2 protein chains.
Amino acid sequence: MDRDKILLTPGPLTTTLRTKLAMLKDWGSWDADFNAVTASVRKSLLKIIHAAESHVVVPLQGSGTFSVEAAVATVVPHSGHVLVLDNGAYCKRAARLTTLMGRRCTLMPFDEAQPVSAQALDDKLRTESTVTHVILIHCETGAGVLNPLQAIADVCERHRKGLIVDAMSSFGALPIDARTTRFDALVAASGKCLEGVPGMGFVFIRKAILEACAGQSQSLAMDLYDQYIYMEKTTQWRFTPPTHVVVALHEAIAQFEAEGGQPARLARYTRNYETLARGMSVLGFRPFLDPSVQAPIIVTFHAPGDPKYDFKTFYAAARARGFILYPGKLTTAETFRVGCIGAIGPDEMEQAVHAIALTLQDMGIASAAPAA
Amino acid sequence: MDRDKILLTPGPLTTTLRTKLAMLKDWGSWDADFNAVTASVRKSLLKIIHAAESHVVVPLQGSGTFSVEAAVATVVPHSGHVLVLDNGAYCKRAARLTTLMGRRCTLMPFDEAQPVSAQALDDKLRTESTVTHVILIHCETGAGVLNPLQAIADVCERHRKGLIVDAMSSFGALPIDARTTRFDALVAASGKCLEGVPGMGFVFIRKAILEACAGQSQSLAMDLYDQYIYMEKTTQWRFTPPTHVVVALHEAIAQFEAEGGQPARLARYTRNYETLARGMSVLGFRPFLDPSVQAPIIVTFHAPGDPKYDFKTFYAAARARGFILYPGKLTTAETFRVGCIGAIGPDEMEQAVHAIALTLQDMGIASAAPAA
């Protein structure tokens, strides 16, 4: 039957009906009612990571990648040198956008099955003295690894380097505390763990560096300093905001707070992850990552070794049973991914595992164990 | 009572309930169902301006300004020289984003109460031989002027200059025909005359120049060539699309087509404009523009000369009666603006005029005539 499918994807993800219902109204982008929504969203975002004292938060139209690019363009001077700690696809994307905009950029490669190393960064910064900024992806969803934000931030602080954190897939679920973790910019988006709909990002910028950001961006649309100044002066967005997306995020945040904020969200996602991991293991699936480095956000599984397996058939059959899986993003191994985030709980995860079990049966695959 | 207000604003604007209801579902951005929606939207957009033979269309996340910036970044080489035909605020914005990204840019000033002149452009291009591209705002909503697209396009073609058209506020309402009007890029957005919700733009790029655009953008997020190539290869967006906005646009386009396409939309907006102009004139309001150069999109009125008038009170009182007006954007005269676009008809315009009449009464203003 035509029921809404459950998205086991890392954003866009399944949102509540209440969040979507908030979009059934049109808002004037100049009107005080809408500006109050923007102000409330910004205040709530600062509260989530205890950043009201130390940072401002600037919303931006577009996908999360737009906000990452805007953060680099706004925070890093033209003469800057960015070091990207690379353990996955999103790290490489951050390096690419940095290089394209004309900032000097160095990739520091790590194993994509492992967190990046604060010790290695410390060593690197002793010799690479021209580096001005470090980019870290908090949760690298290419494989699903949780990177050590606190340790990296400490090394950057000790070496007096700016730190830009892509917290796209962790914000709202994993603990981040701006009072004890020092960063110049931190980026996330509406359609991830806050469970809003996609269409806007937001960037926290440290107040102490804000004035130095004036005039650094070579992009008008992505100039977060300009956006910030205009918003403070007028309470409005500089250019047409995605009004319905903003209002949906406002509603999603209200539910986030009612659920118990970040700790409650992490607890739910952890239960989702554990339910998934346990169930998939019974079917013979092997996760790509060691559980000790796995964030409870998205899990990469090795493809079954059975020659009857192919991803397209597997995806289509799970989809027909109501669950949308996600392809792998690794170059080294055949994998697929299952998200644990969104407005879903352990019940949905149990049903997802059950649908996957039936899918394997249909495909005549007795065990999902990967090739030896 | 708490009823939805009518937005007399140039986007975001009032959309139909059917358009908003399309957002009550979550979509996987990798899923074939969603990709079919994107493909259908792109096909419909090409049809609206008869561009399927000559152009491709590339959707982009963010507000319309993001798409204008992306068009310039993608189409104009680093060594290019852009001439902006300036008769309003949006022209100046286009010049600013062009200059910021490091392209040479010259502003050619015109009276903001008049269309730009094709003859003057022709003269200019005879002497300014380094110009490679011209930017034209089709309908400059700063004042509401309709600029002569066909005549400008003819001059550009004759001089072999690229033409970039910002058709943000005209696309879907005013006639544009890519078969007879030559342009390198034309930009519009979801939340304007197609009556979708805001959150994405789209850019038509002439096929003949497409390959030359490869690698020109210094922005990854705004590289329309890269977005195009990826979309053709995978049917997907490069970065997370604003799924709900895309689906709402799809639904809005279905209604646009059912209404009778661009001619029917223009006819409705023209009736809206005429109803507004007639009613406001009875109240003593004077339009800023001569009717012969006025687009039926947004009308600028002089503020009443009565000393009891102030915009804030006027706005709040009209708002309390259910109508959201729009502030003026001119530096030379005190004005306000009233949009004629969105899912509204002459009945709503008559009610708007009536609400404005009652508002003037409340403010003790006998005539809305401007100061002499």
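Note on naming: letters A, B, ... go to the chains in the order of the sequence lines (proteins, then strands), and numbering restarts at 1 for each one. All of these numbers come straight from a predicted model, not from anything done at the bench. The figures here come from the full heavy-atom set of this structure, side chains too, leaving out hydrogens, waters and symmetry mates.
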Trainee: Heavy-atom distances under 4.5 Å only: say whether Asp33(A) touches chain B with side chain, backbone, both or neither.
Mentor: both
Trainee: Could you tell me whether a side-chain N or O of Arg321(A) sits under 3.5 Å from a main-chain N or O of Ile356(A), the two making a donor and an acceptor?
Mentor: no
Trainee: Donor-acceptor pair, Glu140(B) side chain versus Tyr90(B) backbone, under 3.5 Å?
Mentor: yes
Trainee: Heavy-atom pairs under 4.5 Å with chain A: which of Gly199(B), Gly191(B), Pro327(B), Ala70(B) has the most?
Mentor: Pro327(B)
Trainee: For Leu13(A), which atoms come within 4.5 Å of any heavy atom of chain B: side chain, backbone, both, or neither?
Mentor: backbone
Trainee: Quick check on the interface: out of Thr243(A), Asp223(A), Ile6(A), who has the most heavy-atom pairs with chain B under 4.5 Å?
Mentor: Thr243(A)
Trainee: Under 4.5 Å from any heavy atom of chain B, what part of Ile324(A) do you find: side chain, backbone, both or neither?
Mentor: side chain
Trainee: For Cys105(A) and Thr98(A), work out which heavy atoms get closest and say how close.
Mentor: CB-CG2, 3.9 Å
Trainee: Looking at Asp26(A), Val197(A), Thr15(A), Leu220(A), which has the largest count of heavy-atom pairs under 4.5 Å with chain B?
Mentor: Asp26(A)
Trainee: Find the one option among Thr19(A), Thr240(A), Leu97(A), Thr14(A) whose heavy-atom pairs under 4.5 Å with chain B are most numerous.
Mentor: Thr240(A)
Trainee: Taking the side chain as C-beta and beyond, is there a heavy-atom pair between Phe34(A) and Pro12(B) under 4.5 Å?
Mentor: no
Trainee: Short question: side chain of Gln218(B), backbone of Ala73(B) - any donor-acceptor pair under 3.5 Å?
Mentor: no
Trainee: Which one wins on heavy-atom pair count under 4.5 Å against chain A: Asp4(B), Thr99(B), Leu24(B), Leu60(B)?
Mentor: Leu24(B)
Trainee: Tell me, side chain or backbone of Ser217(A) under 4.5 Å from chain B's heavy atoms, or both, or neither?
Mentor: backbone
Trainee: Counting N and O atoms only, with roles assigned by atom type, does the side chain of Ser190(B) sit under 3.5 Å from a partner on the main chain of Leu249(B), one being a donor and the other an acceptor?
Mentor: no
Trainee: In the structure I gave you, are the side-chain heavy atoms of Lys192(B) and Ile297(B) within less than 4.5 Å of one another anywhere?
Mentor: no
Trainee: With only heavy atoms counted, which part of Leu7(A) is less than 4.5 Å from chain B, the side chain, the backbone, both or neither?
Mentor: side chain
Trainee: Counting heavy-atom pairs under 4.5 Å with chain B, which one of Gly215(A), Ala248(A), Ser63(A), Gly102(A) comes out on top?
Mentor: Ser63(A)
Trainee: Given heavy-atom pairs under 4.5 angstrom as the criterion, report whether the side chain, backbone, both or neither of Asp31(A) touches chain B.
Mentor: both
Trainee: Looking at Gln216(B), is its backbone amide N or carbonyl O close enough to the side chain of His78(B) to form a donor-acceptor pair, meaning the two atoms are under 3.5 Å apart?
Mentor: yes
Trainee: Show your working on side chain to side chain donor-acceptor pair (under 3.5 Å) between Ser219(A) and Glu69(B) and close with a plain yes or no.
Mentor: CA-CA 8 Å; Ser219(A) 161; Glu69(B) 185 170 322; 2.5 Å; yes
Trainee: Report the option among Ala221(A), Pro242(A), Gly62(A) that has the most heavy-atom pairs separated by less than 4.5 Å from atoms of chain B.
Mentor: Ala221(A)
Trainee: Against chain B, label Arg238(A) side chain, backbone, both or neither, depending on which of its atoms sit under 4.5 Å from a heavy atom there.
Mentor: backbone
Trainee: Pick one of side chain, backbone, both or neither for Val245(B), based on which atoms fall under 4.5 Å of a heavy atom in chain A.
Mentor: side chain
Trainee: When only pairs under 4.5 Å are counted, which of Arg96(B), His244(B), Met200(B), Met222(B) shares the most heavy-atom pairs with chain A?
Mentor: His244(B)
Trainee: Is it the side chain or the backbone of Trp237(A) that comes within 4.5 Å of chain B heavy atoms, both, or neither?
Mentor: neither
Trainee: Do Gln236(B) side-chain atoms and Ser29(B) backbone N/O form a donor-acceptor pair below 3.5 Å?
Mentor: no
Trainee: Is chain B contacted by the side chain of Tyr315(A), its backbone, both, or neither, given a heavy-atom distance below 4.5 Å?
Mentor: side chain
Trainee: Side chain of Arg337(B), backbone of Thr141(B): donor and acceptor closer than 3.5 Å?
Mentor: yes
